[in-house]
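All remarks here apply to the structure that follows.
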There are 2 protein chains.
Amino acid sequence: MAAVGIKDVARLAGVSVGTVSNVLNRPDRVSADTVARVRAAIDELGFVRNDAARQLRVGHSSTVGLVVLDVGNPFFAELARGAEDAADAVGHSVILGNSDENVAREAAYLDLFEEQRVRGVLISPIGDVTSRLQKLREHGTRAVLVDRSGEGTGVSSVSVDDVAGGYLAVQHLLSLGRRRIAYLGAQFEIRQVTDRLEGARRAVAEVPGAALEVVTAEGLTVVHGRAAGQQLVRRPASERPDAVFAANDLLAVGLLQALVMTGDVRVPADIALVGYDDIDFASAAVVPLTSVRQPARLLGETAIGILLDEAADPELAARDVVFTPELVVRASTVDG
Amino acid sequence: MAAVGIKDVARLAGVSVGTVSNVLNRPDRVSADTVARVRAAIDELGFVRNDAARQLRVGHSSTVGLVVLDVGNPFFAELARGAEDAADAVGHSVILGNSDENVAREAAYLDLFEEQRVRGVLISPIGDVTSRLQKLREHGTRAVLVDRSGEGTGVSSVSVDDVAGGYLAVQHLLSLGRRRIAYLGAQFEIRQVTDRLEGARRAVAEVPGAALEVVTAEGLTVVHGRAAGQQLVRRPASERPDAVFAANDLLAVGLLQALVMTGDVRVPADIALVGYDDIDFASAAVVPLTSVRQPARLLGETAIGILLDEAADPELAARDVVFTPELVVRASTVDG
DNA sequence: GTGGCGGATTGAATCGTTTCACCACTGTAC
DNA sequence: GTACAGTGGTGAAACGATTCAATCCGCCAC
C-alpha cells in the first residue's frame, strides 16, 4: 500500500534524498544526528530500499546465483550453506537454483541469472556449459565451476580430488592389514567413479602382496549394493575379499545390509568396509560406516571467494582449486 | 563487456525503443517482419533484458521467494520442485532460501525478499512470523504459509493433515488384524508428533479390543529408534506390541535395524511397522518400509497458485488448504 | 575583515526498461 | 475528394535509487 520511497524519508527527516542515500550506504560521511534523524524516519515509515532501483543505477546486483545438480543431496545442501555464509559475510546473498540434472532447467537458471544481472554464478554443471559461461563472461558475468575441474577452459573452479579420496580409503584398509581389497562401483562412465578407482589402484600398487578386485554393481543405490553383497556372501569364504571400498555410501550401506542379514560375515572382522560421501546415514547404519568426506562447506566458501575476487578485478586469471577429502573412521573398519 | 541495451537493438533494427519493448512483451501488436528484424538484432548483439529496469518500471518482480526449514530434507526439496514447476508455467521463477531452522536466517531472507520486491513469499516458518508477514502485506507483498496451518491469522496456508496421516497408518495396522499397537514418538512439543498420535488414537478408538501404547524415544533419529527397538526386544514376547507406528521414517528405520539384528523378532510377522514421510531410505531399508507420504509437490504447486491469485487480486480472502496424506504399503506390514 | 579550508549537504543527471498518448499511413465507404 | 477506422510505430515521461559537482556553513589564521 504505502510505496514509501527515499523521497518520503527525506521529507520527513527534513533532508535531501542524497543525504538519505548516504545514510544508507556511507553513514560515516553524514553527521551523527542527521543519521539518527534519518534512521528514525526510516523506522517510522517502514521504508525498505527498492533493490531494483539501486541495482539499475549501480549496474549490478549484490546477489550471486548458485545452480546445483540436486538440492536434496546433502553434499550440495552443505555446499550451499558454505556459499551463503561466505556471501553473507560480505553483504551479498545467494539465490539457489536446482537443475535436477536437467539441462533445460540448468539453462533456464542461467538465463534468469543473467537477466537479473547477478554478480556471478556458481554452477555444478550437468551439460557442457563452457560456451555458455564464456558468453556470460563476455557480458560481464563471472562464473565458477563447483565440484568439477575447470581444466583449462578459462573458467575458475573448485573441486575435490577423487583420486586422493580413493587412495585415502584404500590406504586405510591396507594399513589395517587387509590385502584382498575389492572396489565396488557402477556406472564407470562417471568420472568420480573411475577417479576413486584410480586412487585405489595407486594405493594397492604401493603395497606388495596386496590385490585389488573390481566388482561391478548395476547402479549406485542401496538396492544395488545389497545385490552385490548377496553375491559376495555366496562365494566360499576363502574367495571373499577381506575389505571393500564402495564408490559411494549408498552402495556401502546396501552391501552392509546384505552382509549383516546373513549373519555369516562379520564387519569389520571378516570384511572391513569403507564408503564415500559420508552421508547422514553412514553414521546411522547398523555398523557405523567409515567413509570419505568431502569438504562441501569449504568448497562453497572458496567458490564465493574466487567469484567475488574476479568480479572485483576482471583481469584476474582463472584459478583451479582442488581440495583433498578426509577420511572419517568408524566401526565398519575399526572395532570400537 | 558490451552492456547492450534496448536502444542499441532499436538502432540496429532501425526501429524505436518502444517497438523493441513491444516485441519483447506483446509481439502480437507488431508486424511480423518487424518482429523478425528485431529478433535478429537481439541475437546479433546478444541482448539480454535488464530485469532491474523492467522491475523498477512495472513495480514488482516476477520472482517469488521460498523459505524452507531445511533444503536437505527431501520433503522440502520436493515441495520446492512443485513450486518451481508451477511458477515456471506462468512465467515466474522461484528463489530458494534455506532458514535451517534458524530464526535469524529466516528474518534475513524475508528482508532480502522484501528489498527485491518479490511477487510474494512462500514460507515454512520457524519462529512466530505472523506479525512480520502482516507487515509484509502492508507493504504489498503477499505470503503463504506452507506445511503449517494459517489458523485465522489472516495469512493463507497449505498444509497436510497429520491427524489424518496417523489415522491412516493405524487403521492400516488394525485392518491387518493387529491389536496391540505402539506409537513411537519423541519431542512431543512438535505439533506434527502429537497430531499423528491423535490420529492413531482415533483409529484405535474405533476398534474394540485394540490398545495403543505410547513409547517415547529420546529424539527423532535413527539412533534413537534403534535404542527404542533394543528396549522392545528385551521385553518378554508376550508383552511386545504386534505393530508399531513410528512418528517418522528415521525412527522406524532405527527400530527396524534393532529388530532385525537380534533375529528374534520377524517383521512383519511378529511386529508390523509403519513409518512417516516416505523418505528414500524407507523403500531401501532391509525390509522395505510401509510409510505415510505427504503430497509435497502438490503442496508447492498449490501454494504458488494461491500466492499468484492473491497477488493478482489483493482483496481475496485468505485460504487454508489442507491436504490428506497417502499410505504407501510395503513389506514391513504386508509380506510379499 | 578577508580568505581559505574542510566537512556536511544538496539536487540534478543518470541507469534501462515500460507505457501511453499520439502520429502516419492505408484502405474503405460515401 | 473527404472522412474514418484500423494498424503499426514513435518518443518522451516515469519508475526510485545513486552519484558527483556544486554549494553552504562554521571556524580559524592572518
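Every heavy atom of this structure was used, including side-chain atoms; hydrogens, water molecules and symmetry mates were not. Naming: A, B, ... by sequence-line order, numbering from 1 per chain.
- Closest contact between the side chain of A:Asn22 and the listed nucleotides C:dT10, C:dT18, C:dT17 involves C:dT10.
- Among the protein residues, A:Asn25 comes within range of the sugar-phosphate backbone only, with heavy atoms under 4.0 Å from sugar or phosphate atoms but none that close to a base.
- Here the side chain of A:Val15 is nearest to one of D:dA17, C:dT10, D:dG16, namely C:dT10.
- Distances from the side chain of A:Thr19 to the nucleotides C:dT10, C:dT18, D:dT19 place C:dT10 closest.
- Spacing between atom NZ of A:Lys7 and atom P of D:dC15 amounts to 7 Å, rounded to whole angstrom units.
- Looking at the side chain of B:Leu56, the nearest of the listed nucleotides C:dT18, D:dT18, D:dC15 is D:dC15.
- Judged by closest nucleotide on DNA chain C, A:Val17 is the one of B:Leu24 and A:Val17 placed further toward the 5' end.
- Distances from the side chain of A:Arg54 to the nucleotides C:dT17, D:dT18, C:dT19 place D:dT18 closest.
- As rounded to whole Å, 12 Å separates atom C1' of D:dT18 from atom NE2 of A:His60.
- In this structure, the side chain of A:Arg137 engages the main chain of A:Gly154 through a donor-acceptor pair within 3.5 Å.
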Begin from the C-alpha positions of B:Asp147 and B:Ser159 and carry the test side chain to side chain donor-acceptor pair (under 3.5 Å) through to its verdict. CA-CA 4 Å; B:Asp147 196 33; B:Ser159 56; over 6 Å; no

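- When the side-chain nitrogen and oxygen atoms of B:Ser21 are compared with OP1 and OP2 of C:dT19, none of them lie within a distance under 4.0 Å.
- Using a 4.0 Å cut-off between charged side-chain N and carboxylate O, A:Asp111 and A:Arg132 make a salt bridge.
- Of the side-chain N and O atoms in A:Thr34, none sit less than 4.0 angstrom from OP1 or OP2 of C:dA8.
- Residue A:Asn50 places none of its side-chain N or O atoms closer than 4.0 Å to OP1 or OP2 of D:dC15.
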For the pair A:Glu310 and A:Ser156, evaluate side chain to side chain donor-acceptor pair (under 3.5 Å) and give the outcome as yes or no after the intermediate values. CA-CA 9 Å; A:Glu310 293 193 351; A:Ser156 289; 2.5 Å; yes

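- Within the 4.0 angstrom heavy-atom criterion, only backbone atoms of the sugar-phosphate kind lie near A:Arg26; the bases stay farther away.
- Nearer the 5' end of DNA chain D, as judged by each residue's closest nucleotide, is the contact made by B:Arg57, out of B:Arg57 and A:Gly18.
- Both B:Ala53 and A:Arg49 lie close to DNA chain D; mapped to their nearest nucleotides by heavy-atom distance, the more 5′-ward contact belongs to B:Ala53.
- Here the rule is side chain to side chain contact (heavy atoms under 4.5 Å, CB included) with B:Leu133, and of B:Thr141, B:Ile123, B:Thr153 only B:Ile123 fits it.
- Separating the CD atom of A:Glu115 from the P atom of C:dG16 is a distance of 15 Å, rounded to the nearest angstrom.
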